[in-house]
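The structure appears below as structure tokens.
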Amino acid sequence: MKTTKELLNLCDQIAGITILELANSLKITPPRSLNNNKGWIGQLLEQHLGASGGNLPIVDFPNLGIELKTIPINPRTLQPLESTFICTAPFNQPGIGWEQSIVKLKLSNVLWVPIESVNNLDLINRRIGKAFLWQPNHDQLTILQQDWQELTEMLQFGNIQLLSAKYGQYLQIRPKAANCKDNLANYITSNGESIKTVPRGFYFRTSFTKSILSNFFIC
DNA sequence: CTCTGATCATTT
DNA sequence: AAATGATCAGAG
């Protein structure tokens, strides 16, 4: 992908078509449901749009500085149905500031692709919505930084046991793993004790993405 | 209905 | 083991 305009044009071309139509054009067979492959739609869009970030801790379109996020919405209310994963929350990595953080990198320039999604709508019949590019405004950025500071301090000061999803106004930290029994990561607590705990990730709260989307749809 | 904790697949 | 792509499902 050479330019942002080219990327947005590609998005416009698939706005309104169904998941099945896009999958067919890419010769991909959709799973029966997302139950056993929750990130499948995101990967479908990555492939179509030519995202190249892979699973490195960088944005999806490195040369454009754009992060791709599909977001499930209720087609009637146009409101998001889920929170949005941003990136892994790093354990025991003191000294990283907001400006250098992966969170800031990822949320600075996001290409949101709404996907029609309600429980009773088959995966293949869900339609792809009109994508739009978003950057946080000054006020949003202030809160996001505050949230990041608060959450990161709890992580770095060894207080992960106290850290739950209730902290943060726009951001939150929640488990991010295949399950909470295997795939445990090492964490050093404030006592200097090494424990195994479930990996965590930063997420946008649904209430925040609601305001992002409603601002866009009003414009 | 909203929110939090739990979970699934894949790649490097 | 840790990063990516997220949604599920029960609790409140």
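Residue numbering restarts at 1 for every chain, and letters A, B, ... go by the order of the sequence lines.
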For nucleotides 8-12 of chain B, give me every protein contact, N/O to N/O, under 3.5 Å, one pair per line with atom names.
from, atom 1, to, atom 2, distance (Å)
B:dC8, OP2, A:Ala178, O, 3.4
B:dC8, O3', A:Asn36, O, 3.3
B:dC8, O2, A:Lys38, N, 3.4
B:dA9, O5', A:Asn36, O, 3.2
B:dT11, O2, A:Asn55, ND2, 2.2

Keeping to residues at least two apart or across chains, list the salt bridge (Lys or Arg N to Asp or Glu O under 4.0 Å) pairs with something in residues 10-22 of chain A.
->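 Every pair satisfying salt bridge (Lys or Arg N to Asp or Glu O under 4.0 Å) with a residue in residues 10-22 of chain A: A:Asp12-A:Lys130.
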
Considering just the side-chain nitrogens and oxygens of A:Arg205, establish if one lies under 4.0 Å of OP1 or OP2 belonging to B:dT4.
->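 Yes, such a contact exists.
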
Specify the residue among A:Pro175 and A:Lys166 whose closest nucleotide of DNA chain B lies further upstream toward the 5′ end.
-> A:Lys166

Assign the ring pair A:Phe208 / A:Tyr170 to parallel, tilted or perpendicular, where the plane angle (0 to 90°) is split at 30° and 60°.
->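 The rings of A:Phe208 and A:Tyr170 lie parallel, inter-plane angle below 30°.
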
Hey, can you tell me if A:Phe132 and A:Phe216 have their rings parallel, tilted or perpendicular (30° and 60° cut-offs)?
->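 A:Phe132 vs A:Phe216 ring planes: parallel.
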
Nearest-nucleotide pick for A:Glu46, side chain only, options being B:dG5, C:dG5, B:dT7 | C:dG5

A:Ser164 has a side chain; which of C:dG5, C:dA3, B:dG5 sits nearest to it?
->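 Minimum distance to the A:Ser164 side chain belongs to B:dG5.
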
Whole-Å distance between C:dA2 P and A:Asn186 CG?
->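 In whole Å, C:dA2 P lies 7 Å from A:Asn186 CG.
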
In whole angstrom, what separates A:Phe202's CZ from C:dA6's P?
->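 In whole Å, C:dA6 P lies 18 Å from A:Phe202 CZ.
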
Please evaluate the base of B:dC3 for a donor-acceptor partner in the side chain of A:Gln172 within a cut-off of under 3.5 Å?
->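 Check fails, no donor-acceptor contact within cut-off.
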
So what is the end-to-end bend of the helix from B:dC1-C:dG12 to B:dT12-C:dA1, with 5 pairs used at each end and the value given to 10 degrees?
->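 Roughly 20°, once rounded to the nearest ten degrees.
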
If you look at every strand shown and take non-hydrogen atoms under 4.0 Å, does [X] touch a base, only sugar-phosphate, or nothing?
X: A:Asp60; result: sugar-phosphate
X: A:Thr70; result: sugar-phosphate
X: A:Pro199; result: nothing
X: A:Tyr203; result: base

Those residues that, when tested against A:Lys166, pass side chain to side chain contact (heavy atoms under 4.5 Å, CB included) (two or more places apart) |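 So A:Lys166 forms a side chain to side chain contact (heavy atoms under 4.5 Å, CB included) with A:Ser164.
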
Identify each atom pair where a protein N or O and an N or O of nucleotides 10-12 of chain C are less than 3.5 Å apart, giving names and distance.
none

Between residues 85-107 of chain A and DNA chain C, which residues have a heavy-atom gap below 4.0 Å?
->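 Per residue number, the list reads A:Phe85, A:Cys87, A:Thr88, A:Lys106.
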
